[in-house]
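Take a look at the structure below.
Quick note: residue numbers are just sequence positions, from 1.
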Amino acid sequence: MSKHPIFKTIDDLSVKTKRPNHLASTTEKQAAAGATLPKPLLAHYQQLQQLTQLVRQALAELLPEQMLDDCYVVEASPVEITLSLGSPTAVNHLRYMMVNCVQALRSYDQRFCQLMSIQVILSPKPTQSDARQDDPKRTLSENTRQIITQSAQSVIKNERLRAALLKLAGNDD
C-alpha cells in the first residue's frame, strides 16, 4: 500500500452551494455558474494586456511612473494604438510628447515598427466625493439652497412638493 493518499478530482461547479440572488447581474450569475469569457474576447483582452506592458516598458524613459501606472492600451492596429489615461494632465502631457513616444515605441519592439500615431483618451476612475464619505447627512451649498427656494416659490404649484423642497432647502416658512 502506498504512503501517499489518493486524491480525487473534484468538480468545483457541482460543489458550489452559494448561488447569486435574483438581483445579481447576468455577468455575476454567469461567473457563479463557472462561465468564462468567449475565447476571441479573452484572446483580445490578453493581447491588449501584453501591449500595455510593452508600452509601459518602452515609455518608461519618457513618462513618469505614476502616469504609466494608469496607462492602458485599449485598441491597437499596426499603424495606430489608442491609450487610455486617467487624468486630463496626463492626456495633455502624452499629446505633447507624442512624436517622442511614437519613436520610442518603434525602436523598442518590432510590433510597433509601422506605428504612425497614438490616440489618447481620458477615462477617469470614478470617485466618491469627500462629503459623501464623511458626512451621511450632507448639507447644501448656499447657491443650491437659493435655486431650490426660488423654484419652490415661483414654479411649483403642488403645495406638498413646495413644502418638501422648502424643508430640503432649510426654509421652513
Any idea which heavy atoms bring [X] and [Y] closest together, and the distance?
X	Y	answer
Glu80	Ser117	OE2-OG, 3.0 Å
Val73	Thr52	N-OG1, 2.9 Å
Ile81	Ala76	CG2-CB, 3.9 Å
Leu140	Leu168	CD1-O, 3.6 Å
Leu94	Leu63	CD1-CD1, 3.5 Å
Arg56	Asp69	NH2-O, 3.3 Å

Can you tell me how far apart [atom1] ([X]) and [atom2] ([Y]) are? Round to the nearest 0.5 Å.
X	Y	atom1	atom2	answer
Ser84	Glu75	OG	CD	12.5 Å
Gln46	Leu51	CD	CG	12.0 Å
Glu142	Ile147	CD	CD1	11.0 Å
Ser77	Met116	OG	CE	11.0 Å
Arg95	Met97	CZ	CE	15.0 Å
Gln150	Leu165	CD	CG	13.0 Å

Just so I know, are the side chains of [X] and [Y] near enough to count as touching, which here means a heavy-atom distance under 4.5 Å?
X	Y	answer
Arg106	Cys113	no
Gln50	Arg111	yes
Met67	Ser87	no
Tyr72	Leu83	no
Ile121	Thr82	yes
Asp70	Gln66	no
Leu105	Ile118	yes
Leu48	Val74	no

Evaluation steps, side chain to side chain contact (heavy atoms under 4.5 Å, CB included), between Tyr108 and Val55: CA-CA 9 Å; Tyr108 186 77; Val55 167; over 6 Å; no

Whether Asp109 side chain and Phe112 backbone form a donor-acceptor pair below 3.5 Å: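 Not a single qualifying donor-acceptor pair exists.
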
Side-chain donor/acceptor of Ser151 to backbone N/O of Ile148, under 3.5 Å: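 Judged by distance alone, no pair lies under 3.5 Å.
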
Cluster link Val91 to Tyr96, ILVMFWY, side chain under 4.5 Å: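 As far as the 4.5 Å side-chain criterion goes, Tyr96 and Val91 are connected within one cluster.
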
Crowding at CE, Met98 (>12 non-hydrogen neighbours, <6.0 Å):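 Atom CE in Met98 is packed in, count exceeds 12.
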
